[in-house]
Amino acid sequence: MADRTFYVTTPIYYVNDAPHIGHGYTTTMGDVLTRWHRQRGESVFYLTGVDEHGQKVLRKAEANGVDPQEWVDGLVEREWKPMLATIDVANDDFIRTTESRHEVGTQAFWERLRDRDAVYKGEFSGYYSVSSEEFVGDDDVVDGEGDDEGFKISSLDGSRVEHMTESNYFFRLSDYQQQLLDFYEANPDFIAPASARNEVISFVSRGLTDLSISRSTFDWGIRVPWDDDHIFYVWIEALLNYVTAVGYGSADSGDSERFERMWPADVHIVGKDIVRFHAIIWPAMLMAAGLPVPHRVFAHGWILVGGQKMSKSKANGIHPNQIVETFGSDAYRYYFSRALTFGNDGSISWEDIGARYHAELANGLGNLASRVAAMVGKYFDGVLPAAGPSTPAEDAIIELVATATADADAAIDAIAPQDAVAAVWRIVDALNGYVTEQQPWQVAKDESQRERLGTILATTAEGLRALAVLLHPVMPKATVVLWESLGAVDAIGPLADQRIADAPRWGQLPAGTPITKSPALFPRIDLDVAEPGA
RNA sequence: GGCGGGGUAGCUCAGUCGGUCAGAGCGCACGACUCAUAAUCGUGAGGUCGCGGGUUCGAGCCCCGCUCCCGCUACCA
């Protein structure tokens, strides 16, 4: 149990187009979460990837005159993988559904379900649009008017539809209604937040129908192993990435051992639009296969882009690059972690990012590091002084770091990164207040108070040391710079090796450690010239 | 239509079991300070907690009605 791997996933993103801010958000949150767990010393596996099959991708490729594999290869290399570097994500794996490990695992999984009689051949019927070559949901079918009078048309694209029946394979999803409801009841934390849970339960309570799992009208997908005329429906195939990535279905014994060790996942992070797939279909599939279901599905909300600078017609089509280019990846990660409540919808705006960047990162943390390093340089020639006797002011700081650390740690377990960052930030605010109140620049004028001066600066340096550790999961780059400026690498060791639980332990930076003033951690930015073009 | 969530200071939002809950941050105003990235610290400014009823000794927090916004109501992912 102690060696269990903390396994977190993002959805695999549909490579229909380039990534936007929503993808970046999901991926960043998972990264903050997993980095924190690594910083605890836990074994962690963070998976992300892309979903590449399906009719939409096929169409897009055809429209661009290339074969689908070539099309997705290009997008993945040009857009999707680079995004991870842009926002500084430390994923352990990146799965593509066109990889053979996924195809092999998918086929093995469905063979297994077929063997267990969870699959049957049936007929799927519905309204089919010949021109767009796809089935249209009943809700999107309306009576035609004018030239289309007397016909049914798709409200999506106005094309005429006709009722058609197709031979398909089905998964007996309807068998799992009660099992799922019992499961939700027995595992109240399985779906979070509560709003998502409510929707899922109400949906399942209304009854489930079997799910068609194959398609035969196009061939961009994974072949159904027992019927060459069919490919798997993209969703029921894509979900399997969570198991195929960790070795499911592989003939290699090392892979199956890995699967045993890793599965089930601890958290599937998803957007609230795809909760149903993850909280209903996915667990039902696993139940049918006799495999454990994941521990949690966490649905986050939408990012609403406010402020005319970013919204306009582009709305959610903001590329993460726009923010990172101006503010940097650390600020990007910080902003989304801090300013939004994970699980709720939230508003972002260019103005708000700029405001928080300056108020919290530049003026708060950055300036704190700057003033401390400057004083150690000025009063002690850049060498950390020894701390003398503590006063209640120092005790309060030490106490605060301990409680803030505990609060932040608890917030991470609750998947509330915004609360974790807020808790840690109490340290930033307290240290700025401490420095101001202790007035080391006044103390420095009195040669007889050298020890007191040393105590004040050593205390502040220790506080920064703790901050570097606690904020490393959120801002990997800036905290390393801070760590180096504190001379902590040589004195204590690499930042990544520092444990959350050890952060509050006082006195780790020994007297004599060289403190250097690094360039501003978060330099002020002239937003009048930095706004993204329309 | 049904189900679910929301409408709290200019802005973004907290408010767990009803009783210092009327809050935080930003912005703004005034003051202090000068180590620091024109940064920091302190103080203040008062919002009928969407509207109208009700329950209660007492209600953003419970109940009823109304209004506005949003999500879900299965095979595009």
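Residue numbering restarts at 1 for every chain, and letters A, B, ... go by the order of the sequence lines. The shown structure was predicted, so the numbers you read here are calculated from the model rather than taken from an experiment. These values consider heavy atoms only, across backbone and side chains, with no hydrogens, waters or symmetry-generated copies.
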Next item on the list: Toss me the dot-bracket line for RNA chain B: Watson-Crick and G-U wobble, both under 3.5 Å, 5' to 3', using | for pairs to another strand and [ ] for crossers.
Entry: (((((((..((((.........)))).(((((.......))))).....(((((.......))))))))))))....
Next item on the list: Would you mind listing every side-chain hydrogen bond (donor to acceptor under 3.5 Å, both in side chains) that reaches into residues 411-428 of chain A, with sequence neighbours excluded?
Entry: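 Sorted result for residues 411-428 of chain A: Arg40(A)-Asp413(A), Asp407(A)-Arg426(A).
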Determine the Euclidean distance between corresponding [atom1] atoms of [M] and [N]; express it in Å to zero decimal places.
N: C30(B); M: G18(B); atom1: P; result: 44 Å
N: C61(B); M: G53(B); atom1: P; result: 14 Å
N: C75(B); M: A59(B); atom1: C1'; result: 46 Å
N: C70(B); M: U8(B); atom1: P; result: 15 Å
N: A45(B); M: A9(B); atom1: C1'; result: 10 Å
N: G50(B); M: G6(B); atom1: C1'; result: 11 Å
N: G52(B); M: C57(B); atom1: C1'; result: 24 Å
N: A14(B); M: G5(B); atom1: P; result: 15 Å

Margin query: Any salt bridge linking Glu99(A) with Arg96(A)? Criterion: basic side-chain nitrogen under 4.0 Å from a carboxylate oxygen.
Written below: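 Salt bridge between Glu99(A) and Arg96(A), a charged N being under 4.0 Å from a carboxylate O: no.
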Check: Do NZ/NE/NH1/NH2 and the carboxylate oxygens of Arg452(A) and Glu394(A) come within less than 4.0 Å?
Finding: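 Salt bridge between Arg452(A) and Glu394(A), a charged N being under 4.0 Å from a carboxylate O: yes.
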Margin query: Which residue is it: Tyr14(A), Phe171(A), Phe277(A)? I am looking for the one with a ring-ring contact (aromatic ring centres under 6.0 Å, His included) to Trp235(A).
Written below: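 Testing Trp235(A) for a ring-ring contact (aromatic ring centres under 6.0 Å, His included) against Tyr14(A), Phe171(A), Phe277(A) leaves exactly one candidate, Phe277(A).
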What is the distance from [atom1] of [X] to [atom2] of [N], rounded to the nearest Å?
X: Asp419(A); N: A24(B); atom1: CG; atom2: C1'; value: 13 Å
X: Gln418(A); N: U12(B); atom1: CD; atom2: C1'; value: 14 Å
X: Gln55(A); N: C76(B); atom1: CD; atom2: P; value: 10 Å
X: Glu351(A); N: G10(B); atom1: CD; atom2: P; value: 19 Å

Under the side-chain hydrogen bond (donor to acceptor under 3.5 Å, both in side chains) test, residues paired with [X] that sit two or more places apart:
X: Asp352(A); answer: Tyr335(A)
X: Thr48(A); answer: Thr10(A)
X: Tyr357(A); answer: none
X: Ser448(A); answer: Asp446(A)

Which part of the nucleic acid does [X] contact within heavy-atom distance under 4.0 Å: base, sugar-phosphate only, or nothing?
X: Asp210(A); value: base
X: Leu208(A); value: base
X: Gly207(A); value: base

Margin query: Walk along nucleotides 27-41 of chain B from 5' to 3' and tag each nucleotide B, S or - by protein heavy-atom contact under 4.0 Å, base first, then sugar-phosphate.
Written below: ------SSBBB-SSS
Next item on the list: Please list, chain by chain and in numerical order, all residues satisfying salt bridge (Lys or Arg N to Asp or Glu O under 4.0 Å) with Asp219(A), sequence neighbours excluded.
Entry: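 So Asp219(A) forms no salt bridge (Lys or Arg N to Asp or Glu O under 4.0 Å) with any residue.
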Item checked: Listed partners of Arg215(A) passing salt bridge (Lys or Arg N to Asp or Glu O under 4.0 Å), at least two apart ->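 Salt bridge (Lys or Arg N to Asp or Glu O under 4.0 Å) check on Arg215(A) returns nothing, list empty.
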Check: Going by the angle between their ring planes, with limits at 30° and 60°, are Tyr13(A) and His23(A) parallel, tilted or perpendicular?
Finding: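 Ring orientation of Tyr13(A) relative to His23(A): perpendicular.
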Notebook entry, point to check: For the residue pair Phe342(A) and Tyr25(A), does the interplanar ring angle fall in the parallel (under 30°), tilted (30 to 60°) or perpendicular (over 60°) class?
Noted result: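 The arrangement is perpendicular - the two ring planes meet at more than 60°.
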Can you give me every donor-acceptor pair (side chain of residues 365-382 of chain A, partner residue at least two apart or in another chain, under 3.5 Å) with its distance?
unit_1	atom_1	unit_2	atom_2	d
Ser370(A)	OG	Lys517(A)	NZ	3.1
Arg371(A)	NH1	Asn432(A)	OD1	2.9
Arg371(A)	NH2	Thr436(A)	OG1	3.4

Next item on the list: Can you measure from CG (Leu384(A)) to CD (Glu462(A)) and round to the nearest 0.5 angstrom?
Entry: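 Output value for this atom pair is 8.0 Å.
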Item checked: Position toward the 5' end of RNA chain B (nearest nucleotide), Thr209(A) or Trp235(A) ->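 The residue mapped nearer the 5' terminus is Thr209(A).
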Checklist line | Contact residues, residues 446-466 of chain A to RNA chain B [heavy atom, < 4.0 Å] | finding: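 Those residues whose heavy atoms fall under 4.0 Å from RNA chain B, taken from residues 446-466 of chain A, amount to none.
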Measure all distances between protein nitrogen or oxygen atoms and nitrogen or oxygen atoms of nucleotides 1-4 of chain B, and list the pairs falling under 3.5 Å.
none

Check: With a 4.5 Å limit on heavy-atom distance, are the side chains of Phe336(A) and Pro417(A) in contact?
Finding: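 No - every pair of side-chain heavy atoms lies 4.5 Å or more apart.
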